[in-house]
Amino acid sequence: MLYVPLANTPNQTFSIVLNGLDYRIALRTIQDITFMSCWVNGDLLFHNQICTPNNWVNHYDYISVNGKFYFRCLNNEYPNYKSFGITQSLLFLTPDEVEKLK
């Protein structure tokens, strides 16, 4: 499990290498709801997926062969940039880690 570093800003785009692949992540806040888009090696993986507390961001296994993103949130609060890195974390789990949780 890898922690993805997030800034406390409402709209952010950044690149990170996870599990040997180059990910570009965009987080957008619209009316206090966080949406995430993700590209892997330049190819769109998913776009404007709503982020919910203690849940997978990308729910579908067929687009997550290299791993899945998960928002961990205390008190079941919806992901919000004001709490990133404080009570909320974006995690990346490898396929093996995802299988162990099923």
Side-chain angles (χ1 to χ4, degrees):
M1 173 181 349
L2 301 170
Y3 286 85
V4 178
L6 300 177
N8 294 103
T9 56
N11 299 308
Q12 54 188 293
T13 301
F14 58 91
S15 294
I16 187 170
V17 175
L18 300 166
N19 207 20
L21 298 172
D22 182 33
Y23 284 81
R24 186 165 59 105
I25 297 171
L27 294 170
R28 300 286 176 252
T29 301
I30 302 169
Q31 296 183 347
D32 281 337
I33 303 292
T34 301
F35 295 85
M36 181 173 161
S37 298
C38 181
W39 295 260
V40 179
N41 293 335
D43 295 325
L44 181 65
L45 186 61
F46 55 87
H47 185 66
N48 285 337
Q49 182 69 44
I50 192 168
C51 299
T52 56
N54 302 313
N55 207 349
W56 302 109
V57 177
N58 49 328
H59 298 275
Y60 303 107
D61 289 337
Y62 73 93
I63 62 169
S64 306
V65 294
N66 299 307
K68 285 181 131 181
F69 291 95
Y70 184 91
F71 253 107
R72 179 184 290 166
C73 305
L74 294 181
N75 304 322
N76 260 352
E77 296 175 350
Y78 269 74
N80 184 287
Y81 70 93
K82 296 173 189 169
S83 298
F84 289 170
I86 301 166
T87 59
Q88 300 176 355
S89 302
L90 179 61
L91 308 175
F92 179 82
L93 287 81
T94 65
D96 290 338
E97 292 169 327
V98 172
E99 277 301 313
K100 288 178 185 174
L101 294 175
K102 287 185 176 181

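Quantities reported herein were computed from a predicted structural model and do not represent experimental measurements. Computed from heavy atoms alone, side chains included, the values below leave out hydrogens, waters and symmetry copies.
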Novice: Quick one: CD on Gln49 to CG on Asn58, what's the gap to the nearest 0.5 Å?
Specialist: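 Going from the CD atom of Gln49 to the CG atom of Asn58 covers 7.5 Å.
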Novice: Which residue, Phe71, Phe92, Tyr70, forms the side chain to side chain contact (heavy atoms under 4.5 Å, CB included) with Val57?
Specialist: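 It is Phe71; the other options fail the test.
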Novice: Using the rule that Ile, Leu, Val, Met, Phe, Trp and Tyr join whenever any side-chain heavy atoms are under 4.5 Å apart, tell me whether Leu2 and Leu45 fall into a single cluster.
Specialist: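 In one cluster: yes.
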Novice: Cys73 and Pro79: which non-hydrogen atoms are nearest, and at how many Å?
Specialist: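 The pair with the smallest heavy-atom distance is SG-CG, 3.9 Å.
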Novice: Using every non-hydrogen atom in the two residues, find where Leu44 and Cys38 come nearest and quote the distance to one decimal.
Specialist: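 Looks like CD1-O, 3.6 Å.
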Novice: Could you tell me which non-hydrogen atom of Arg72 sits nearest to which non-hydrogen atom of Leu91, and how far apart they are?
Specialist: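 Taking Arg72 first and Leu91 second, the nearest heavy atoms are NH2-CD1, 3.6 Å.
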Novice: Looking only at side chains, do Ser37 and Arg24 share a donor and an acceptor under 3.5 Å apart?
Specialist: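 Side-chain D/A pair, Ser37 to Arg24: absent.
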Novice: Do you know the tightest heavy-atom contact between Tyr78 and Cys51?
Specialist: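 Taking every non-hydrogen atom into account, CD2-O, 3.6 Å.
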Novice: With the 4.5 Å side-chain cut-off for hydrophobic clustering, are Tyr81 and Ile16 part of the same group?
Specialist: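 Yes, it is one cluster - the side chains of Tyr81 and Ile16 are joined through contacts under 4.5 Å.
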Novice: Over all heavy atoms of both residues, which pair between Leu18 and Tyr23 is shortest? Give the atoms and the distance, please.
Specialist: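 Minimum heavy-atom contact is O-CE1, 3.5 Å.
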Novice: Enter the distance from Asn11:CG to Thr34:OG1 here, rounded to the nearest 0.5 Å.
Specialist: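 The distance works out to 9.0 Å.
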Novice: Among the clusters formed by ILVMFWY side chains lying less than 4.5 Å apart, do Leu21 and Leu90 turn up in the same one?
Specialist: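 Same cluster: Leu21 reaches Leu90 through Ile, Leu, Val, Met, Phe, Trp or Tyr contacts under 4.5 Å.
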Novice: Indicate if Ile50 and Val4 have the same hydrophobic cluster label, given that clusters are the connected sets of ILVMFWY residues with side-chain heavy-atom separations under 4.5 angstrom.
Specialist: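 The answer is no; the residues belong to distinct hydrophobic clusters.
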Novice: So does Leu6 get a backbone contact from the side chain of Gln12, meaning a donor-acceptor N/O pair under 3.5 Å?
Specialist: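 Such a contact is absent between Gln12 side chain and Leu6 backbone.
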Novice: Working to the nearest 0.5 angstrom, can you tell me the gap between Asp32 CG and Lys82 NZ?
Specialist: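 Reported value, rounded in 0.5 Å steps: 5.5 Å.
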Novice: Where is the tightest heavy-atom contact between Ala7 and Phe84, given as atom of each residue plus distance?
Specialist: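 Here Ala7 and Phe84 meet closest at O-CD1, 3.4 Å.
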Novice: Taking Glu77's backbone N and O only, do any of them form a donor-acceptor pair with Asn75's side chain (distance below 3.5 Å, no angle check)?
Specialist: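 Pair absent, no side-chain N/O of Asn75 close to backbone of Glu77.
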Novice: Looking only at the aromatic ring of each residue, does the gap between the centers of Phe46 and Phe35 stay below 6.0 angstrom?
Specialist: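 Here the rings of Phe46 and Phe35 have centres that are no less than 6.0 Å from each other.
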Novice: Would you say Asp22's side chain and Ser15's backbone share a donor-acceptor pair under 3.5 angstrom?
Specialist: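 Checking the backbone N and O of Ser15 against the side chain of Asp22, no donor-acceptor pair under 3.5 Å is found.
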Novice: Please confirm whether the backbone N or O of Asn66 pairs with a side-chain atom of Asn19, one donor and one acceptor, at under 3.5 Å?
Specialist: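 At least one qualifying donor-acceptor pair exists.
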Novice: Counting heavy atoms not belonging to His47, are there more than 12 under 6.0 Å from its NE2?
Specialist: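 No, because the 6.0 Å sphere around NE2 of His47 holds 12 heavy atoms or fewer from other groups.
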Novice: Would you say the side-chain atoms of Glu97 pair up with the backbone N or O of Met1, donor to acceptor, closer than 3.5 Å?
Specialist: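 Side chain of Glu97 to backbone of Met1, a donor-acceptor pair under 3.5 Å: yes, one is there.
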Novice: Rounded to the nearest 0.5 Å, what separates atom OG1 in Thr13 from atom CG in Leu27?
Specialist: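 So the gap between those two atoms works out to 8.0 Å.
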Novice: Rounded at 0.5 Å granularity, tell me how far CG in Leu93 sits from CD in Glu99.
Specialist: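 Rounded to the nearest 0.5 Å, the CG-CD separation comes out at 11.5 Å.
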